[in-house]
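Side chains included, hydrogens not; waters and symmetry mates left out as well; all remaining heavy atoms used. What you see is a predicted model; the values in this text were computed from it and never measured. Every chain is numbered from 1, with letters handed out A, B, ... down the list of sequences.
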Protein chains: 2
Amino acid sequence: MPKKRVLVPFKTGSHDHDRCIDLALAEAESACRKQHLRFTELRRRVLELVWSRHIPMKAYDILDELCRDGRAAAPPTVYRALDFLLTAGLVHRIESLNAYVGCGGPGKPHIGQFLICRQCNAVAEIDAPAITQALTQDAKRLGFRADTQTIEIKGLCSECNVSA
Amino acid sequence: MPKKRVLVPFKTGSHDHDRCIDLALAEAESACRKQHLRFTELRRRVLELVWSRHIPMKAYDILDELCRDGRAAAPPTVYRALDFLLTAGLVHRIESLNAYVGCGGPGKPHIGQFLICRQCNAVAEIDAPAITQALTQDAKRLGFRADTQTIEIKGLCSECNVSA
DNA sequence: ATCGTGTTTGTTATAATATAATGTCTTTGG
DNA sequence: CCAAAGACATTATATTATAACAAACACGAT
Ligand SMILES: [Zn+2]
Ligand SMILES: [Zn+2]
Ligand SMILES: [Zn+2]
Ligand SMILES: [Zn+2]
């Protein structure tokens, strides 16, 4: 069984985040080229906004930023771009927050599990195949064939734990 | 470690569902009495509607039913009742569907995992402490202290598997 | 180059989900 | 009964998401 991986770790306040963004955009560019998907300017910009901080981003906040860019933008603008990014495996949706985070392992298919800090909203993405498989197995015992999993854990990250 | 339990199994089309409802209402009545919570007529009715089928129920569908009852009802009516039932541990919210299901193990505190059929919407609730603990443990390794878990699996139930 | 086709984006409107704020009525304990 | 807290009604509004259709654009085939 593949080993557990941390796809997106918790990030400290001070790290070279421009690098996080550049890397994510470069990986997205490459992933889209490989799959013959169009990584348009709009989609690139939305992905950049999703990655603008290591916290889940709301659709309407992204929309506000697009408008601030001077671009003509309405809800469909952002929801369509997000749909594309979701389908392309470049972002994940956090169901319990109606928000979106950048995927830490685009290209490599995986089922992510998300850790979300109640206090500072920081998000980490991990891929623990043992859990995925245990759930699939438990489901199977009830005759249920699982195809997607939503796993979102809330709590306190290490920094917020200390200060709490 | 406690054994895995099925809190709400998948239900066949033909079972004595009135009995499911009566049982859920009786358990709720008892749980509320124990905790000195007021199980009012409105809350009872909303719980009854949540249990009306073994599928996640939407707030506005419940609202429609309340109106059909002849009762004065607006969104806050149903959301307040649902908040009460959530807090009292009598229903769970399915985050990925913005919908609500009756809890299969009220009183006994637990962290449920939900299996949801894409086809017929049937929901089962299980309690697999091994998974809960594995997730908590994985989180801990990242310095994260987990307090709540949202686990929602989508797929096909056994009946829909056959007919698919 | 130009056409035809499918994709992407713009635009307007509306649907679906959820909460804020305020006042009234009801329950409950003293 | 009375006071206080809790529950409910009512109105308004905030938040999240999609429908429907038109215009602009990308791209391969001629
Ligand atoms: Zn960063
Ligand atoms: Zn934190
Ligand atoms: Zn039943
Ligand atoms: Zn089914």
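- The nearest whole Å value for the distance from the CG atom in Asp69(A) to the C1' atom in dT9(C) is 15 Å.
- Atom pair Leu37(A):CG and dA26(D):P shows a separation of 17 Å (rounding to whole Å applied).
- Pairing each heavy atom of Leu90(B) with each of Pro106(B), the nearest pair is CD2-CB, 3.7 Å.
- Atom P of nucleotide dT16(D) and atom CG of Asp64(A) are separated by 11 Å, given to the nearest angstrom.
- Under 4.0 angstrom from either OP1 or OP2 of dT16(D) there lies at least one side-chain N or O belonging to Lys58(A).
- In terms of phosphate contacts, Arg44(A) brings no side-chain nitrogen or oxygen within less than 4.0 Å of OP1 or OP2 of dT8(C).
- No more than 12 heavy atoms of other residues, nucleotides or ligands lie within 6.0 Å of CZ in Arg19(A), so this atom counts as exposed by the packing criterion.
- Listed pair Tyr60(A) / dT15(D) fails the phosphate criterion, with no side-chain N or O lying under 4.0 Å from OP1 or OP2.
- Closest non-hydrogen pair, Gln149(A) versus Thr132(A), comes out as NE2-O, 3.1 Å.
- Here the P atom of nucleotide dC8(D) and the CZ atom of Arg45(B) are 15 Å apart, to the nearest Å.
- Distances shorter than 4.0 Å separate none of the side-chain N or O atoms of Tyr79(A) from OP1 or OP2 on dT18(D).
- Along DNA chain C, the nucleotide nearest to Ala72(A) and the one nearest to Phe84(A) differ in position, and the one closer to the 5' end is contacted by Phe84(A).
- Taking every side-chain heavy atom of Arg80(A) into account, dT9(C) is the closest of dT9(C), dT10(D), dT18(D).
- Nearest-nucleotide assignment on DNA chain D puts the 5′-proximal partner with Leu42(B), out of Leu42(B) and Ala59(A).
- Following rounding to the nearest Å, Leu63(B) (CG) and dA9(D) (P) show an atom-to-atom distance of 11 Å.
- For dA17(D), the OP1/OP2 oxygens have a side-chain nitrogen or oxygen of Arg93(A) closer than 4.0 Å.
- Judged purely by atom type and a 3.5 angstrom limit, Gln119(A) has no side-chain atom pairing as donor or acceptor with the backbone of Cys160(A).
- Checked by atom type, the side-chain pair Ser96(B)/Glu152(B) shows a donor-acceptor distance below 3.5 Å.
- Rounded to an integer number of Å, the gap from CG of Leu97(A) to C1' of dT17(C) is 15 Å.
- When distances run from any side-chain atom of Ala74(A) to the nucleotides dT11(C), dT18(D), dG10(C), the shortest one goes to dT11(C).
- Taking only side-chain atoms of Pro76(A), from C-beta outward, the nucleotide of dA19(D), dT9(C), dG10(C) with the closest atom is dA19(D).
- If you take CD1 of Ile94(B) and P of dA18(C), they are 13 Å apart, rounded to a whole angstrom.
- Here the nucleotide nearest the side chain of Arg38(B), chosen from dT27(C), dA18(C), dA9(D), is dT27(C).
- Distances shown here put every side-chain N or O of Asn98(A) at or beyond 4.0 Å from the OP1 or OP2 atom of dT17(C).
- The CG atom of Asp61(B) sits 11 Å away from the C1' atom of dA16(C) (whole-angstrom rounding).
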